[in-house]
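Notes to accompany the following structure.
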Amino acid sequence: MTFISVENLKTGYETEKGTVQAVDDVSFALENGESIGIAGESACGKSTLGLSIMRIVPDGNIASGDITLEGKSILKMSKSEFAKNVRWKDISMVFQGAMNSLDPVFTVEEQFIEVLKQHRYNGDYKQKISEIVNSVGLTQDVIKKYPHELSGGMKQRIVIAIALLLKPKFVIADEPTTALDVLVQAQIINLLKKLKKDGMSIMLITHDLAIISEVAEKIGIMYAGKMIEFGSAYEIYKNPKHPYTQALLKSIPRLRGDKVTNYIRGSPPSLIQPPQGCRFYDRCPHAMEKCKKDPPKFKTDSGYVSCWLYE
Ligand code: SF4
(Lines give C-alpha, C1' and ligand atoms only; values in the text may rest on other atoms or scores of the structure.)
Protein backbone atom coordinates (compact mmCIF):
# COMPACT_ATOMS: atom_id res chain seq x y z
CA MET A 1 0.00 0.00 0.00
CA THR A 2 1.23 3.50 -0.81
CA PHE A 3 2.39 5.16 2.39
CA ILE A 4 3.26 8.63 1.15
CA SER A 5 3.04 10.09 -2.32
CA VAL A 6 4.09 13.43 -3.74
CA GLU A 7 2.44 14.30 -7.05
CA ASN A 8 3.51 17.09 -9.41
CA LEU A 9 4.52 19.30 -6.51
CA LYS A 10 5.53 22.88 -7.30
CA THR A 11 6.91 25.18 -4.60
CA GLY A 12 8.36 28.61 -5.27
CA TYR A 13 9.76 31.72 -3.62
CA GLU A 14 8.76 35.19 -4.76
CA THR A 15 11.72 37.52 -5.28
CA GLU A 16 12.11 40.97 -6.82
CA LYS A 17 13.39 39.32 -10.00
CA GLY A 18 10.54 36.79 -10.23
CA THR A 19 9.50 33.42 -8.84
CA VAL A 20 12.29 31.01 -7.94
CA GLN A 21 10.73 27.62 -8.76
CA ALA A 22 12.68 25.64 -6.15
CA VAL A 23 10.61 22.45 -6.50
CA ASP A 24 9.21 22.01 -9.99
CA ASP A 25 6.77 19.22 -10.81
CA VAL A 26 8.28 16.67 -8.41
CA SER A 27 6.64 13.25 -7.99
CA PHE A 28 7.52 10.08 -6.07
CA ALA A 29 5.83 7.52 -3.85
CA LEU A 30 6.88 5.20 -1.03
CA GLU A 31 5.29 1.94 0.03
CA ASN A 32 4.72 1.06 3.69
CA GLY A 33 8.02 0.64 5.54
CA GLU A 34 10.13 2.25 2.81
CA SER A 35 12.55 5.14 3.26
CA ILE A 36 13.97 7.52 0.68
CA GLY A 37 17.19 9.41 0.25
CA ILE A 38 17.04 12.71 -1.63
CA ALA A 39 20.36 13.77 -3.12
CA GLY A 40 21.65 16.59 -5.30
CA GLU A 41 23.83 19.69 -5.25
CA SER A 42 23.19 22.67 -2.97
CA ALA A 43 20.10 24.70 -3.95
CA CYS A 44 18.61 21.90 -6.07
CA GLY A 45 15.36 22.00 -4.05
CA LYS A 46 15.99 19.14 -1.58
CA SER A 47 15.27 21.12 1.58
CA THR A 48 12.31 22.92 0.00
CA LEU A 49 10.81 19.52 -0.82
CA GLY A 50 11.11 18.51 2.86
CA LEU A 51 9.71 21.83 4.06
CA SER A 52 6.79 21.50 1.60
CA ILE A 53 5.87 18.11 3.09
CA MET A 54 5.90 19.80 6.53
CA ARG A 55 3.91 22.70 5.07
CA ILE A 56 6.46 25.15 6.50
CA VAL A 57 8.04 27.03 3.61
CA PRO A 58 9.39 30.32 4.97
CA ASP A 59 8.77 33.11 2.43
CA GLY A 60 7.61 30.55 -0.13
CA ASN A 61 4.43 28.89 -1.20
CA ILE A 62 3.19 25.60 -2.57
CA ALA A 63 1.70 26.51 -5.93
CA SER A 64 0.24 23.18 -7.06
CA GLY A 65 0.36 19.40 -6.78
CA ASP A 66 -0.64 17.11 -3.98
CA ILE A 67 0.87 15.15 -1.10
CA THR A 68 -0.99 12.19 0.37
CA LEU A 69 -0.20 10.29 3.56
CA GLU A 70 -1.85 6.87 3.83
CA GLY A 71 -4.29 7.86 1.11
CA LYS A 72 -5.32 11.21 2.63
CA SER A 73 -4.32 14.52 1.04
CA ILE A 74 -2.37 16.63 3.51
CA LEU A 75 -2.36 19.67 1.22
CA LYS A 76 -6.14 19.82 1.00
CA MET A 77 -6.42 19.94 4.82
CA SER A 78 -6.91 23.33 6.43
CA LYS A 79 -3.78 24.83 8.02
CA SER A 80 -5.21 24.31 11.49
CA GLU A 81 -6.17 20.67 10.87
CA PHE A 82 -2.68 19.96 9.53
CA ALA A 83 -1.01 21.69 12.48
CA LYS A 84 -3.26 19.94 15.00
CA ASN A 85 -3.27 16.38 13.61
CA VAL A 86 -0.32 15.87 11.26
CA ARG A 87 2.71 18.14 11.78
CA TRP A 88 5.01 16.60 14.45
CA LYS A 89 2.46 13.84 15.17
CA ASP A 90 2.49 11.97 11.83
CA ILE A 91 5.24 13.84 9.97
CA SER A 92 8.17 15.43 11.68
CA MET A 93 11.46 17.02 10.64
CA VAL A 94 15.02 17.40 11.85
CA PHE A 95 15.91 20.76 10.33
CA GLN A 96 19.28 21.45 8.75
CA GLY A 97 21.67 22.81 11.41
CA ALA A 98 19.04 22.34 14.14
CA MET A 99 21.60 21.23 16.71
CA ASN A 100 22.97 24.78 16.70
CA SER A 101 19.54 26.21 17.49
CA LEU A 102 19.08 24.47 20.86
CA ASP A 103 18.45 27.27 23.35
CA PRO A 104 21.69 27.73 25.37
CA VAL A 105 19.93 28.99 28.51
CA PHE A 106 17.64 25.98 28.98
CA THR A 107 18.53 22.42 29.97
CA VAL A 108 17.71 19.52 27.67
CA GLU A 109 14.82 18.61 30.00
CA GLU A 110 13.35 22.13 29.83
CA GLN A 111 13.54 22.08 26.02
CA PHE A 112 11.70 18.74 25.87
CA ILE A 113 9.06 19.99 28.33
CA GLU A 114 8.49 23.10 26.20
CA VAL A 115 7.75 20.95 23.14
CA LEU A 116 5.46 18.60 25.10
CA LYS A 117 3.56 21.58 26.55
CA GLN A 118 3.11 23.14 23.12
CA HIS A 119 1.56 19.91 21.89
CA ARG A 120 -0.63 19.56 25.00
CA TYR A 121 0.89 16.20 25.88
CA ASN A 122 -1.04 14.88 28.84
CA GLY A 123 1.09 11.89 29.86
CA ASP A 124 3.94 11.68 32.36
CA TYR A 125 6.60 14.19 31.15
CA LYS A 126 9.50 12.64 33.08
CA GLN A 127 8.79 9.14 31.81
CA LYS A 128 8.35 10.36 28.23
CA ILE A 129 11.65 12.29 28.29
CA SER A 130 13.48 9.36 29.87
CA GLU A 131 12.15 6.97 27.18
CA ILE A 132 12.97 9.25 24.26
CA VAL A 133 16.51 9.93 25.53
CA ASN A 134 16.98 6.17 25.83
CA SER A 135 15.66 5.55 22.33
CA VAL A 136 18.33 7.77 20.75
CA GLY A 137 21.10 6.00 22.65
CA LEU A 138 21.89 8.71 25.21
CA THR A 139 22.34 8.21 28.95
CA GLN A 140 19.89 9.76 31.42
CA ASP A 141 22.44 12.29 32.75
CA VAL A 142 22.12 14.42 29.57
CA ILE A 143 18.58 15.39 30.61
CA LYS A 144 19.82 17.90 33.22
CA LYS A 145 22.59 19.31 31.03
CA TYR A 146 22.78 22.53 29.02
CA PRO A 147 23.56 22.37 25.28
CA HIS A 148 27.13 23.68 25.77
CA GLU A 149 27.87 20.66 27.97
CA LEU A 150 27.08 18.25 25.09
CA SER A 151 29.21 17.15 22.15
CA GLY A 152 28.03 17.74 18.55
CA GLY A 153 26.86 14.13 18.25
CA MET A 154 24.88 14.37 21.53
CA LYS A 155 23.21 17.63 20.40
CA GLN A 156 22.26 16.04 17.08
CA ARG A 157 20.70 13.10 18.95
CA ILE A 158 18.75 15.55 21.11
CA VAL A 159 17.27 17.33 18.07
CA ILE A 160 16.41 13.95 16.55
CA ALA A 161 14.77 12.99 19.88
CA ILE A 162 12.72 16.23 19.83
CA ALA A 163 11.48 15.31 16.33
CA LEU A 164 10.52 11.85 17.62
CA LEU A 165 8.70 13.02 20.76
CA LEU A 166 5.19 12.52 19.38
CA LYS A 167 6.01 9.21 17.67
CA PRO A 168 5.69 10.33 14.02
CA LYS A 169 5.34 7.78 11.21
CA PHE A 170 7.52 9.75 8.80
CA VAL A 171 10.64 11.73 9.72
CA ILE A 172 12.42 14.09 7.35
CA ALA A 173 16.09 14.45 8.30
CA ASP A 174 17.75 17.35 6.48
CA GLU A 175 21.54 16.91 6.32
CA PRO A 176 21.66 15.27 9.78
CA THR A 177 25.34 14.34 9.48
CA THR A 178 26.75 17.54 7.99
CA ALA A 179 29.39 19.28 10.14
CA LEU A 180 29.92 16.15 12.26
CA ASP A 181 33.14 14.16 12.26
CA VAL A 182 33.09 10.75 10.56
CA LEU A 183 32.78 8.74 13.79
CA VAL A 184 29.79 10.79 14.94
CA GLN A 185 28.32 10.59 11.41
CA ALA A 186 28.45 6.81 11.72
CA GLN A 187 26.66 6.99 15.10
CA ILE A 188 23.87 9.14 13.62
CA ILE A 189 23.49 6.84 10.61
CA ASN A 190 23.27 3.85 12.97
CA LEU A 191 20.62 5.69 14.96
CA LEU A 192 18.58 6.32 11.77
CA LYS A 193 18.92 2.63 10.86
CA LYS A 194 17.63 1.65 14.31
CA LEU A 195 14.64 4.01 14.00
CA LYS A 196 13.87 2.49 10.63
CA LYS A 197 14.09 -1.01 12.10
CA ASP A 198 11.61 0.13 14.76
CA GLY A 199 9.11 0.88 11.96
CA MET A 200 9.70 4.52 11.05
CA SER A 201 9.92 5.78 7.46
CA ILE A 202 12.66 8.32 6.85
CA MET A 203 13.37 10.89 4.20
CA LEU A 204 17.10 11.51 4.37
CA ILE A 205 18.10 14.71 2.59
CA THR A 206 21.79 14.89 1.84
CA HIS A 207 24.37 16.00 -0.69
CA ASP A 208 26.29 12.81 0.17
CA LEU A 209 25.06 9.91 -1.95
CA ALA A 210 27.35 7.51 -0.11
CA ILE A 211 25.31 7.59 3.12
CA ILE A 212 21.89 7.07 1.51
CA SER A 213 22.50 3.38 0.79
CA GLU A 214 22.80 2.82 4.54
CA VAL A 215 19.26 3.95 5.26
CA ALA A 216 17.00 4.06 2.22
CA GLU A 217 15.48 1.60 -0.24
CA LYS A 218 14.55 4.40 -2.65
CA ILE A 219 16.53 7.33 -4.03
CA GLY A 220 15.36 10.56 -5.63
CA ILE A 221 18.02 12.60 -7.44
CA MET A 222 17.23 16.29 -7.74
CA TYR A 223 18.72 18.78 -10.15
CA ALA A 224 17.68 22.43 -10.56
CA GLY A 225 14.29 21.90 -8.91
CA LYS A 226 13.41 18.70 -10.79
CA MET A 227 13.57 15.07 -9.65
CA ILE A 228 15.49 13.74 -12.61
CA GLU A 229 15.76 10.11 -11.49
CA PHE A 230 13.78 8.09 -8.96
CA GLY A 231 13.89 4.39 -8.17
CA SER A 232 15.29 1.66 -5.96
CA ALA A 233 18.61 2.47 -4.29
CA TYR A 234 20.01 -0.87 -5.48
CA GLU A 235 19.15 -0.15 -9.12
CA ILE A 236 20.42 3.44 -9.06
CA TYR A 237 23.74 2.58 -7.39
CA LYS A 238 24.26 -0.41 -9.68
CA ASN A 239 23.07 1.15 -12.91
CA PRO A 240 22.57 4.92 -12.68
CA LYS A 241 20.77 6.11 -15.80
CA HIS A 242 20.65 9.90 -15.86
CA PRO A 243 24.00 11.47 -16.85
CA TYR A 244 23.76 13.74 -13.79
CA THR A 245 23.30 10.75 -11.45
CA GLN A 246 26.24 9.03 -13.14
CA ALA A 247 28.41 12.13 -12.67
CA LEU A 248 27.28 12.52 -9.03
CA LEU A 249 28.25 8.92 -8.25
CA LYS A 250 31.59 9.32 -10.01
CA SER A 251 32.36 12.38 -7.88
CA ILE A 252 32.41 10.32 -4.65
CA PRO A 253 36.08 10.01 -3.62
CA ARG A 254 37.28 6.36 -3.60
CA LEU A 255 39.94 4.68 -1.50
CA ARG A 256 40.70 2.04 -4.13
CA GLY A 257 40.96 2.00 -7.91
CA ASP A 258 40.95 5.24 -9.86
CA LYS A 259 42.23 7.92 -7.48
CA VAL A 260 41.07 10.82 -9.67
CA THR A 261 37.96 12.43 -8.22
CA ASN A 262 35.61 13.54 -10.98
CA TYR A 263 33.66 16.74 -10.81
CA ILE A 264 30.84 18.22 -12.87
CA ARG A 265 31.87 21.25 -14.90
CA GLY A 266 29.67 24.34 -15.00
CA SER A 267 26.80 25.27 -12.73
CA PRO A 268 23.02 24.72 -12.63
CA PRO A 269 20.72 27.15 -14.51
CA SER A 270 18.77 29.97 -12.90
CA LEU A 271 15.51 28.79 -11.36
CA ILE A 272 13.81 32.11 -12.14
CA GLN A 273 13.81 31.55 -15.89
CA PRO A 274 14.97 27.95 -16.31
CA PRO A 275 15.53 26.56 -19.80
CA GLN A 276 12.49 24.94 -21.37
CA GLY A 277 14.30 21.68 -22.14
CA CYS A 278 16.56 19.50 -20.02
CA ARG A 279 18.10 21.58 -17.26
CA PHE A 280 21.33 19.58 -17.39
CA TYR A 281 21.79 20.40 -21.10
CA ASP A 282 24.72 22.83 -20.69
CA ARG A 283 26.70 20.35 -18.57
CA CYS A 284 25.75 17.07 -20.20
CA PRO A 285 28.31 15.18 -22.30
CA HIS A 286 25.47 13.45 -24.23
CA ALA A 287 23.36 16.54 -25.01
CA MET A 288 21.38 16.30 -28.26
CA GLU A 289 19.27 18.78 -30.19
CA LYS A 290 16.01 17.28 -28.93
CA CYS A 291 17.13 17.75 -25.30
CA LYS A 292 16.25 21.43 -25.79
CA LYS A 293 12.59 20.31 -25.92
CA ASP A 294 10.61 19.53 -22.77
CA PRO A 295 12.47 16.87 -20.80
CA PRO A 296 10.74 13.49 -20.93
CA LYS A 297 9.96 10.98 -18.19
CA PHE A 298 10.64 7.33 -19.07
CA LYS A 299 9.75 4.39 -16.83
CA THR A 300 12.56 2.29 -15.36
CA ASP A 301 12.27 -1.04 -13.50
CA SER A 302 11.55 0.69 -10.19
CA GLY A 303 10.80 4.33 -11.01
CA TYR A 304 11.62 6.83 -13.75
CA VAL A 305 14.37 8.79 -15.43
CA SER A 306 14.04 12.15 -17.11
CA CYS A 307 16.42 11.88 -20.05
CA TRP A 308 16.06 11.49 -23.82
CA LEU A 309 18.75 8.79 -23.87
CA TYR A 310 16.09 6.33 -22.66
CA GLU A 311 13.45 7.10 -25.26
FE1 SF4 B 1 21.79 14.94 -21.33
FE2 SF4 B 1 19.80 15.18 -23.06
FE3 SF4 B 1 19.61 13.41 -21.10
FE4 SF4 B 1 19.49 16.01 -20.59
S5 SF4 B 1 18.00 14.82 -21.77
S6 SF4 B 1 20.64 14.51 -19.46
S7 SF4 B 1 20.93 16.86 -22.07
S8 SF4 B 1 21.08 13.41 -22.79
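This one's a predicted model, so the numbers in the text were calculated from it and none came from an experiment. Whatever order the structure lists ligands and atoms in, that order sets their numbers, starting from 1.
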Pair Tyr244-Lys226, side chain to side chain contact (heavy atoms under 4.5 Å, CB included): steps then yes or no: CA-CA 12 Å; Tyr244 176 67; Lys226 298 271 189 192; over 6 Å; no
Side chain, backbone, both or neither: Pro243 near ligand 1, heavy atoms under 4.0 Å: side chain
Minimum side-chain heavy-atom gap Asp90-Phe170 below 4.5 Å: no
Atom 4 (Fe) of ligand 1 - nearest protein heavy atom and its distance: Cys278 SG, 2.3 Å
Thr11 and Thr48 side chains, donor-acceptor separation under 3.5 Å: no
Nearest protein heavy atom with distance in Å, relative to atom 5 (S) of ligand 1: Trp308 N, 3.4 Å
Presence of N, O or S from Cys307 under 2.8 Å of atom 3 (Fe) of ligand 1: yes
same_hphob_cluster(Tyr310, Trp308) at 4.5 Å side-chain heavy-atom cutoff: yes
Minimum-distance protein heavy atom relative to atom 6 (S) of ligand 1: His242 CE1, 3.5 Å
Closest approach of any protein heavy atom to atom 1 (Fe) of ligand 1, naming residue and atom: Cys284 SG, 2.3 Å
Numbering as shown, the atoms of ligand 1 that approach Tyr281 to under 4.0 Å (heavy-atom distance): 7 (S)
Identity and distance of the protein heavy atom lying nearest atom 2 (Fe) of ligand 1: Cys291 SG, 2.2 Å
Qualifying residue, where the test is salt bridge (charged side-chain N to carboxylate O under 4.0 Å, His left out) with Glu81 and the options are Arg87, Lys72, Arg55: Lys72
Residue of the set Ser27, Ser73, Ser5 for which side-chain hydrogen bond (donor to acceptor under 3.5 Å, both in side chains) holds with Asp66: Ser73
